[in-house]
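Okay, structure first, notes after.
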Amino acid sequence: MNHNGAPVEGKKRHVILDALRGFALLGICLANYPEFSLYSFLESAPKTLFPTAVLDTITQWFLYIFIDGKFYTIFSLLFGIGFSIILENNRKRGANGILIFYRRMFFLLLIGFAHLILIWSGDILMLYALVGMTLPLFLKCKDKTLLIWSFVFLAVPVIIDYVCQFTGVYLSKKLVEWQWLLCDRFGITEENFAYWLADAKSYHDVHNFLLMGAVERMQEFVDGNRYFKVLGLFLIGFWLGRNRMFARLEEFKPLLKKISLWGLLLGLPLSAIYAWSAMNGKPFGFGTHSLFYFVSVYLTSFGYISLFCLLYLKSSASTSQLKTHNSQLPTARSRFWQIMAFPGRMALTNYIGQSVIGVLIFYGIGLGIGAQMGLIYGELIALTVFIFEIAFSSAWLRFFRFGPLEWIWRCLTYLRLFPIK
């Protein structure tokens, strides 16, 4: 048996998956930059002093309704699909797909740890790697069983939150204590918390905050029951990938229409209720807030994905018709999907890149403009960063087969040096 295997070649990649990954990166950038800009760390009073305060409030509503939770959901589904592709690709090559997958997760864990400790406290890669390591346990499950398990894992956080709310037990209590012990050690207080990174004069100051922030990140995972949510989404993605639905979109067109219609028709109004709860301090308790998240985020996310796939199918059909008239005719429609796919093909590089750019723009070791602007400006910067990543990815992939971090990750996963040019 060939134990090393090989990654998917560029010509065999599915544009829809890369384009969806690029779409998810856009949403993740918009979701993360309120924290990079340090706006999320500010108390209410300083926020009201910004000249853009009214626009910032509208932007915050927009983020809760259309962005929050939706794009990491898409990214998680794609991760599960990727798991199925790795297994199938290496099975055809006679390689040990499970062994290769575990190596891939191990090195993703190391990359995520470095990202968390050295660059940004909001890393998701470590969680993906650790939860991803459980996926082989579900290999022999039938499709129906996979979907049942996925629903259970997605619903469990609501039950846990209600139990914690009514019993007064807070699972992250010890982590909060550890976080403030580190704050005391480094001199981080409630007064300078929001401004620490913007005022940082050296990387040593930034790193101290990151160490504290790593513990806070663990607290966020516990409070949000994120591990259950991620595993549930991974399993749905694995089910989608195992049945190769991404390669058979035309067959599932009627289903996609129903999901896009009802997902958005129900999901967006429910997301508005979720936004109201978040903007008003969760007035019904965090158990009910968790229920609002459950009934809004997943419906909207699946609606987004289905609508995205339908637009892709429509574009593909239109492009085929145009090519029958002129085989040399380039189309704006097909070009759009290629543009969206460029950052998606370099998702790891671009995800880490968003963090590096955020540090250089907002932290004191860079331009140091964090905590000095309203939310709307931070989001405009995020949009600019994503446009830059499209241009960078497009230019890079003209000369190279993989993104720089993708290449390193592949070489480590398959234990051999791949030609990058």
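Throughout, residue positions are numbered sequentially from 1 according to the sequence presented.
- When the ring pair (Phe, Tyr, Trp, His ring centres under 6.0 Å) test is applied to Phe166, the partners found at least two apart in sequence or on another chain are Tyr162.
- Side-chain atoms of Arg103 come within 3.5 Å of backbone N or O of Thr413 as a donor-acceptor pair.
- Within the 3.5 Å criterion, the main-chain N or O of Phe286 finds no donor-acceptor partner in the side chain of Ser290.
- Remark: the Thr349 side chain and the Glu406 side chain contain an N/O donor-acceptor pair separated by less than 3.5 Å.
- Between Arg248 and Lys253 there is no side-chain heavy-atom pair separated by less than 4.5 Å.
- Here Ile259 pairs with Leu255, Phe302, Ser306 under the side-chain contact (heavy atoms from CB on, under 4.5 Å) rule; sequence neighbours left out.
- Within the 3.5 Å criterion, the main-chain N or O of Ile188 finds no donor-acceptor partner in the side chain of Trp196.
- Residue pairs satisfying the side chain to side chain donor-acceptor pair (under 3.5 Å) criterion with at least one member in residues 359-374, sequence neighbours excluded, are absent.
- Between Asn96 and Leu99, the closest heavy-atom pair is OD1-N, 3.1 Å.
- Applying the salt bridge (Lys or Arg N to Asp or Glu O under 4.0 Å) test to residues at least two apart or on different chains, none of the pairs has a partner in residues 182-201.
- Side-chain contact between Phe83 and Pro136: present, with at least one pair of heavy atoms (C-beta onward) separated by less than 4.5 Å.
- Phe388 and Phe392 have parallel rings, their planes meeting at less than 30° on a 0 to 90° scale where 60° marks the start of perpendicular.
- Remark: Phe308 pairs with Ile16, Ala19, Leu20, Phe23, Trp337 by the side-chain contact (heavy atoms from CB on, under 4.5 Å) rule, at least two apart or across chains.
- A distance of 5.5 Å separates CG of Leu87 from CG of Leu139, quoted to the nearest 0.5 Å.
- Judged purely by atom type and a 3.5 angstrom limit, Ser84 uses its side chain to pair as donor or acceptor with the backbone of Ile81.
- Atom CZ of Phe246 sits about 13.5 Å away from atom CG of Leu77, to the nearest 0.5 Å.
- Under the 3.5 Å distance criterion, the side-chain polar atoms of Thr134 are matched with a main-chain donor or acceptor of Val131.
- Without hydrogens or angle criteria, Glu35 side chain to Gly122 main chain gives no donor-acceptor distance under 3.5 Å.
- Here Ser355 pairs with Phe36, His115, Ile119, Trp120 under the side-chain contact (heavy atoms from CB on, under 4.5 Å) rule; sequence neighbours left out.
- Under a 3.5 Å cut-off, the side chain of Asn243 and the backbone N or O of Met245 do not form any donor-acceptor pair.
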Exercise. Evaluate the criterion side-chain contact (heavy atoms from CB on, under 4.5 Å) for residue pair Leu109 and Tyr128; output intermediate values, then yes/no.
Key: CA-CA 8 Å; Leu109 181 66; Tyr128 273 23; over 6 Å; no

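- Side-chain atoms of Thr145 do not come within 3.5 Å of backbone N or O of Cys141 as any donor-acceptor pair.
- Side chain of Arg345 to main chain of Phe402: no donor-acceptor pair is present (N/O by atom type, distance under 3.5 Å, no hydrogens or angles).
- Closest heavy-atom contact between Leu171 and Val222: CB-CG1, 3.6 Å.
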Distance-only donor-acceptor pairs under 3.5 Å for side chains of residues 268-280, two or more places apart:
residue : atom : partner : partner atom : Å
Ser271  : OG   : Lys70   : NZ           : 3.2
Ser271  : OG   : Gly267  : O            : 2.8
Ser271  : OG   : Thr300  : OG1          : 3.2
Tyr274  : OH   : Asp68   : OD2          : 2.4
Ser277  : OG   : His289  : ND1          : 2.7
Asn280  : ND2  : Trp276  : O            : 2.7

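- Sorted by first then second residue, the side chain to side chain donor-acceptor pair (under 3.5 Å) pairs that include residues 220-242, not counting sequence neighbours, are Asp143-Arg242, Asp161-Asn225, Ser172-Asp223, Arg217-Glu220, Gln219-Asp223.
- Gly232 and Ser150 get closest at one heavy-atom pair: O-CB, 3.3 Å.
- Legend: residues meeting side-chain contact (heavy atoms from CB on, under 4.5 Å) with Ile339, ordered by chain and number and at least two apart, are Arg335, Ile390.
- Although no hydrogens or angles enter the test, the distance criterion places a donor-acceptor pair under 3.5 Å between the side chain of Asn192 and the main chain of Gly187.
- Closest approach of Ala214 to Ile117, counting heavy atoms only: CB-CD1, 4.0 Å.
- Other residues, nucleotides and ligands contribute at most 12 non-hydrogen atoms within 6.0 Å of the CH2 atom of Trp149.
- Evaluation of the side chain to side chain donor-acceptor pair (under 3.5 Å) test over residues 257-269, restricted to residues two or more places apart or in two chains, returns none.
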When the side chains of residues 26-33 are checked against the rest of the protein, which donor-acceptor pairs come out under 3.5 Å, sequence neighbours left out?
residue : atom : partner : partner atom : Å
Asn32   : ND2  : Ile28   : O            : 3.4
Tyr33   : OH   : Gln354  : O            : 2.7
Tyr33   : OH   : Gly358  : N            : 3.3

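- Between Pro419 and Arg401 there is a side-chain heavy-atom pair separated by less than 4.5 Å.
- At least one side-chain heavy atom of Asn208 sits under 4.5 Å from a side-chain heavy atom of His204.
- Residue pairs that meet the salt bridge (Lys or Arg N to Asp or Glu O under 4.0 Å) test with at least one member in residues 20-32, sequence neighbours left out, are Asp18-Arg21.
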